[in-house]
> 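Can you keep this structure in mind? I'll have questions shortly.
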Number of protein chains: 2
Amino acid sequence: MLGGGKSERRITLAEVASLAQVSSTTASLVLNNREAGIPAVTKDRVTAAAAELGYRANASARALRRRRTESIALITDAIATTPYAGEIILGAQEYAWSHEHLLYIVDSNGSAEVELAAVEAMLDRQIEGLLFAAMHTRRIALPAPASAVPTVLINCFLDPDEATAVEVLPNDRAGEDTATSLLINAGHTRIALINGDTGTYAWIERRRGFLDALHRHGLQPDETLIREGNWLPDGAYQLTMQLFAEPDPPTALVCANDRSAYGAYDALRSLGLRIPKDVSVVGYDDQEISRFARPALTTMALPHYELGRRGCELLFSGQRMSPTRELIDCPSRIRDSVAPPSITASAASTRNT
Amino acid sequence: MLGGGKSERRITLAEVASLAQVSSTTASLVLNNREAGIPAVTKDRVTAAAAELGYRANASARALRRRRTESIALITDAIATTPYAGEIILGAQEYAWSHEHLLYIVDSNGSAEVELAAVEAMLDRQIEGLLFAAMHTRRIALPAPASAVPTVLINCFLDPDEATAVEVLPNDRAGEDTATSLLINAGHTRIALINGDTGTYAWIERRRGFLDALHRHGLQPDETLIREGNWLPDGAYQLTMQLFAEPDPPTALVCANDRSAYGAYDALRSLGLRIPKDVSVVGYDDQEISRFARPALTTMALPHYELGRRGCELLFSGQRMSPTRELIDCPSRIRDSVAPPSITASAASTRNT
DNA sequence: TTGTATGCGTTATCAC
DNA sequence: GTGATAACGCATACAA
């Protein structure tokens, strides 16, 4: 398999040296910019010879000798399921590239077995660092051999008990705080939270952020306005219908993800309520289509690219990797789904009480 | 940068051989399953020693010697901009993995300079094959050095003049034919095409497929029903409004991409037309949100994963790579946006003539 | 059946 | 300043 292409043998350092009439030692010195005080003439002869022959160092030989491969690896779960999460890869790759490193990538599909095998395959290849990334923020376990090499976790984290790695996570808490504050600053006081399933990082942190915002603005959270769906439009649709069937409905909805916001949109529309005139809505995740929704959805973006980039940066920073958790802010995407509460809507809701 | 991890020195073959009390030759033979007629006892001693020490071959040394790295590279443009296009990476990576190869990845961001540098960096590392992938189907140019190694183009193609590579592309033509046929089989005869900008592969092929379907079913294409937008909702919105402002409007819309379909949805909704009761709509691309749209959009999926996988498979197949173009079918996603034309709608359109 | 010797291409050591 | 020479870890031709 994988037979060869135009296999012209590659030029070796020895050939360059020979053409330049120096030893390969000198050639190596020159081509690696080891300022060992080599006269310019010699230098020029070597570089000229290298250029003429189109010499490029054999990375395998160099790696064997130097014990450095200038490669790192990124191990992910389920790349494909999350649109735009691929930007994590991009961020990591671009940072690595800008530091003369290349990136290997393996998607484990969530299989611990594959993860382990992948780490071993990478270590065999003498990679210099390891990046683990999850497409949805979640807890993971590190394959044991990973400890042989600096490791950074991107959008995932270890069991706090054995938290022994550098972690980079989106600041969902601050993000939902921001989103909620958008509503509060617009004048809303009865704000519902449509969350997803219980237990995940996003669920916990976004809920916290929601409550943070209320508290900071001196608003009492109303537990009856905090609901749990399934992160999907249909769940949010149901919840929205319920919320507005009850007395004193909210004037604004914090949907913990965009998909839920779409469900809420549908529900509100079928109730004859206008967005944002009658009800304001914010989402989370900034899915592509949110920009095109009508009205365009105000939401928080996940900093996928930045997570990948920063994770890689931390890996390269090479400080003796004291276990830390770094939070990356989620930028807001302010669009058209938020407005001040309408008199009538709030009056109506008051009347219903 | 990138200082070390727990740098326990790795076990070498020599150490295994020494523990097993054989020469490194024998150890090598055993561990590489070279059935050179080595007695089971010796074999066992070696494998036991290797296991005990946790020996794993140094891939750099092996690559230097064998001249094979068991690595390939994927060079992409703009991974991030297309949701789900990342599946190309996944498909390629999984196929490579299942054949004991690892995948390097570089995103060139469309820069020819980066592409060239990437190819050279990859060749330095003695990769065995090269994959080029574009996130939107398009023509690309291959950096010259790429010819040193087998190369496959995924979702992109060369200038036909110098078509000298293996190409794997989505069969947009057959796909749009299928989509259009869905409408025709439902009974529609006045079908409009809302296409994107002029000139791209998708534009050309989807248009062809649309016409193919009409012809095959004995329908005369009506040029006034073939419109060009901008692949975006707003363009499709305008076009839809125009189409339905004219006499004898269509009863069904073939939108050449899902985003256009969303724009059409909005336009139809604002015209008070119901989907699919009054007007049927099909899209193309199967964006995530199409599943959640109301009604759920019938559309064609791009076979990203399969493109990546098949591309990699062709690379490995290693046939002397005669330049070929292989088309991968786009699976249909049949949902709720297609229905037979309503009597009133078709009656109305006839009346208007 | 197994071991010795050599080379893969590069870099490091240490003379000159 | 420059050049032999050895060594990185492994695989193989050849010898025994």
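Throughout, protein chains are lettered first and strands after them, A, B, ... in sequence-line order, and every chain is numbered starting at 1.
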> Side-chain N or O of S23(A) versus OP1/OP2 of dG3(D): is the shortest distance under 4.0 Å?
yes
> Distance check needed: dG9(D) C1' versus R125(A) CZ, whole Å only.
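The distance from CZ of R125(A) to C1' of dG9(D) comes to 16 Å, rounded to the nearest Å.
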> Just jot down the salt bridge (charged side-chain N to carboxylate O under 4.0 Å, His left out) partners of E306(A), sequence neighbours excluded, or say none.
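Testing E306(A) for salt bridge (charged side-chain N to carboxylate O under 4.0 Å, His left out), a comparison that skips the adjacent residues, returns none.
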> Hey, what do you get for CD1 (I88(B)) to OH (Y305(B)), rounding to the nearest 0.5 Å?
12.5 Å
> Should the pair Y95(A) and F316(A) be assigned to parallel (<30°), tilted (30 to 60°) or perpendicular (>60°) ring geometry?
perpendicular
> Within the supplied structure, the quantity of interest is the number of heavy atoms (other residues, nucleotides, ligands) at a distance under 6.0 Å from Q21(A) CD; does it exceed 12?
no
> Taking 4.0 angstrom as the limit, do R62(B) and D124(A) come out as a salt bridge?
no
> Generate the contact string for nucleotides 9-16 of chain C. Rules: B means base contact, S means sugar-phosphate contact only, - means no protein heavy atom under 4.0 Å.
BBBBB---
> Which is true for T42(A) with a 4.0 Å heavy-atom rule: it touches a base, it touches only sugar-phosphate, or it touches nothing?
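Here T42(A) touches the backbone only, sparing every base.
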> Please report the closest heavy-atom contact between L103(B) and A73(B), naming both atoms and the distance.
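The answer is CD1-C, 4.0 Å.
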> Tell me the bend of the helix from dT1(C)-dA16(D) to dC16(C)-dG1(D) as the angle between end helix axes, each from five pairs, rounded to the nearest 10 degrees.
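Both end axes considered, the difference amounts to 40°.
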> More than 12 heavy atoms of other residues, nucleotides or ligands under 6.0 Å from CZ of R139(A): is that the case?
no
> Where is the tightest heavy-atom contact between L13(A) and A27(A), given as atom of each residue plus distance?
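Looking at all heavy atoms of both residues, the shortest contact is CD1-CB, 3.7 Å.
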